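Quick caveat: nothing in here was measured; it's all calculated off a predicted structure.
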Amino acid sequence: MSASSLIKAVIDGILTGGVYALMAAGLTLIFGVMDIINIAQGALIVLGAYMSYVLSVHLGIDLFVGLIITIPAFFVLGVFIEWAFMRRLRDQERTAMSILVTYAVAIIIEGVLSVIFGVDYLQLQAPYVNSTFHLLGFYLPYIYVFGFLLAVALMGVLYYILYRTHFGRGVRGSLQNRAAAELIGVNVNRVRALSVGIGVSVTAAGGMVFGATNSFNPSSGYDLISRLLSIVILAGLGSIGGALIAAIFMVTLEDVVAVVWSPVWATLVYYASLIVVLSFMPNGLFGKAAVRAQ
Amino acid sequence: MTRSSRTGWMLSAAAVAAIAAVLAGCGGSSSSSSSAISSSSGSSSGSATSSSASKSPVVIGASLSLSGDFSADGQAFEKGYQLWAADINKAGGLLGHPVKLDIVSDASSPAQVVTNYEKLISSDHDQLVFGPFSTLLTVPSSKVVNRFGYAFVEGAGGAPAAFGNGLKNIFDVSLPVIDNLVPFAHWLATLPASERPKTAAVATSDDPFTQPQFPAAIKILQDAGIKIVYNKVFPAEVTDYAPIATSVASTKADAFLLGSVDVPTVSAFIHTFIQQHYNPKAFIATAGPDQGAAFLKAIGGAANAEGVMVPNGWYPGYANAASQKMVQEYVAKYGGSPSDVNADVAEAYSVGQIVAQAVAATHSLDNSKIIAYLHSPVSLSSVQGPVKFDSLGENGAAAAFAFQWQKANLVQVLPVGSTGSKPAEYPKPNWGS
């Protein structure tokens, strides 16, 4: 194993970690503001990939330009999901029951996609998907670089909305004390619906980048969910910036182990690192209490 | 939460789950088939369809991966079983009884497949059962099927793991996977010294289907002086192949052998190789390139497939009358072109053919008689070619081939000089050319 292989593994880990952070952002946001574990996140990512596929193949719209359409569409979808499924979940059973309900949502999405598209694997294609540029002796794929930059940009926007705006304060206030928030005029149902809409809309971007870097079919979401959950748990449930850091840390660690040691151990080390960190920091790198107080 | 609101919530959840189950089922979960197109399905009853239709049906159960990781293969298998059922019914059914398939989905789960076969046999009382997709699911399900004394004829469980449990009821109609890569390795080893690869890299999924294929191939390569510069196993559930594929690319090996079980694995390696400007002279993957149009769609078109090889026992252009008939029927029923018919369809169809021949020969649906017959030294035939089971239930008559994508078609290239083989492209053209 050469030094260049190690450096390349670190670079790959950072870039791929950005992609995973983008996919995990909606998951951590929805949990952070609603205490709902969205098992449908993987299915929503795949749905985002299929929407980008339709726009690209049937309408000739570039993958990134297509986000102008898919992000608002996913916002509406997120508001609908909150209204149709999540709003019915109340109080102390919300978190546990959300797993069952969102799993059903995932199965619905998988079923609809299977009917429409079949089960053959697809991958989004664009000139920059396989193209690379040469930097310091390494070939860097444009799609991963673009995906990383998109992740940083969108998560920055998310962070700003949640923690630096009046709306964001309303979101966090309604979670901390629903009754108090309502007393001061916050429409809690509306705030929560918008929050889920925002979380799901970001997933449209994650789905596009996932579809451009991986083959996918309607069932592909299930392979993602355990990995995404581990990222948001390590980050501290609800932490947007933490998700980016945690994703980069875990994916880079996994890539380095795969190159230096063995791919067989990479997955084990990935999850072992989660256990080790949680042993010392039970609330994750950026615990929920701190997150909500930001 | 009050009792009434809790009850309401539970009803809502039940309704959501019911909708979900129905929609997931639309992907093709449970079905029954008795439609008909033509013959050559293995029946020797000779009865007319009209007369068989009036008799009680023979129900054949099968668990298939209609969702989950193996959904593409599972649904192709379902088509193969349905094509066979249609043909056998057209030819008069089994012993004059129409065939009805009882297919349930296992969601690619080794636990669910066991439950499914228990249900098919003990609850549904299906008279016969066909195998699932993949060795991973065949191994656990074969044990429960054996417990009920049923014959377990299958088409996609050819790894040694399926035959190492001392079971006498399992029969694989396809090529034993341990020989899959031998023609490819022999071909490389016998190339003129000036053309022969100097180095080779091996990466394989941790799967009972892939790993047994490599020891024999690696030994042949090493005996020919080809140095193995990378040889690693990766977990079956990998979501990021980039570091592994990049490591392979960094070796610049002349030949690359990939132990894959599906299209996404091969697609990930190909995309990374393109990105890393690595183009091996020879590239073979144990599964994935045999998936026809589905493979081409995933890797970005036929140009990226040019020169990629896959071992198998069957391909759509196989010069076998029954095979060509099945391919025509497939295209007529499901559309597309012959290259869209992947080997899963033929493997499934072959299962039906072999069971039909056993039923006809024994004049019985008795599973013990079918098992005894299939263990006898009898030669059978399928769309994949001859079938003759050894004492373990492996098909010792199956021949190993290797196929290569050439100008958007998967063509037989190995063994060199065998009937139907065309010259292999070597070295493999560059990606996208």
Side-chain angles (χ1 to χ4, degrees), chain A residues 1-2 4-5 8-9 12-13 16 20 85 88-93 97 100-101 103-108 110-115 118-123 125 129-132 139-141 144 213-220 222-224 227 251 254-256 258-259 262-264 266-267, chain B residues 1 5-6 8-9 12-13 16-17 19-28 66-69 71-72 74-75 107-108 203 206 232-235 237-244 246-247 250 262-265 267-268 271-272 274-277 291 293-295 297-301 304 431-432:
Chain A
M1 194 275 302
S2 62
S4 64
S5 296
K8 184 66 170 62
D12 285 343
T16 310
Y20 274 88
F85 302 105
R88 275 64 175 157
L89 308 176
R90 298 298 183 200
D91 306 328
Q92 71 273 20
E93 289 187 331
M97 288 301 183
L100 175 63
V101 169
Y103 181 60
V105 172
I107 295 175
I108 291 172
E110 181 191 4
V112 170
L113 291 176
S114 296
V115 170
V119 295
D120 286 349
Y121 285 92
L122 302 171
Q123 182 154 352
Q125 304 296 334
V129 166
N130 285 328
S131 299
T132 57
Y139 289 110
L140 302 183
Y144 279 96
T213 54
N214 295 272
S215 299
F216 60 91
N217 77 354
S219 303
S220 298
Y222 299 112
D223 294 338
L224 287 171
R227 190 156 294 238
V251 177
E254 183 180 31
D255 284 5
V256 168
V259 170
S262 165
V264 170
T267 305
Chain B
M1 181 179 279
S5 65
R6 185 194 302 268
W9 189 91
S12 300
V16 168
I19 293 169
V22 168
L23 283 168
C26 290
L66 303 179
S67 62
D69 288 347
S71 55
Q75 294 196 17
S108 310
D206 183 11
K232 290 193 174 177
V233 176
F234 54 85
E237 298 287 342
V238 171
T239 48
D240 181 17
Y241 291 94
I244 308 164
T246 302
S247 295
S250 69
D262 54 22
V263 168
T265 307
S267 174
H271 280 284
T272 302
I274 294 170
Q275 291 164 353
Q276 297 305 315
H277 299 255
Q291 297 292 307
F295 172 66
K297 276 192 283 188
I299 64 168
N304 286 337
W431 302 111

Heavy-atom pair of closest approach, residues S71(B) and N217(A): OG-ND2, 3.2 Å
Taking every heavy-atom pair that is under 4.5 Å apart, which of P264(B), S267(B), A294(B), A203(B) has the most such pairs with chain A? P264(B)
Cut-off 4.5 Å, heavy atoms of chain B, and the answer for D255(A) is both
Residues Q275(B) and V129(A): closest non-hydrogen pair is NE2-O, 3.0 Å
Pick one of side chain, backbone, both or neither for S247(B), based on which atoms fall under 4.5 Å of a heavy atom in chain A. side chain
E110(A) to G68(B) - nearest heavy-atom pair and separation: OE2-N, 4.0 Å
Please examine the side chains of V251(A) and D240(B), heavy atoms only from C-beta on, and report whether any two atoms are closer than 4.5 Å. yes
So which heavy atom on P263(A) is nearest to which on K232(B), and how close? CD-CD, 3.8 Å
Rounded distance (nearest 0.5 Å) linking atom CG of L122(A) with atom CD1 of I299(B): 13.0 Å
Report the distance from atom OG1 of T267(A) to atom CZ of F234(B), rounding to the nearest 0.5 Å. 11.0 Å
When Y144(A), Y121(A), F216(A), Y222(A) are compared by non-hydrogen pairs under 4.5 Å with chain B, the top option: Y121(A)
Compare every heavy atom of Q125(A) with every heavy atom of A298(B), then report the nearest pair and how far apart it is. O-NE2, 3.8 Å
Between the CD atom in Q276(B) and the OG1 atom in T132(A), the distance rounded to the nearest 0.5 Å is 7.0 Å
Measuring only between side-chain heavy atoms, which start at C-beta, is N130(A) closer than 4.5 Å to N304(B)? yes
In terms of heavy-atom pairs under 4.5 Å, which option from S262(A), S219(A), A266(A), S131(A) contacts chain B the most? S219(A)
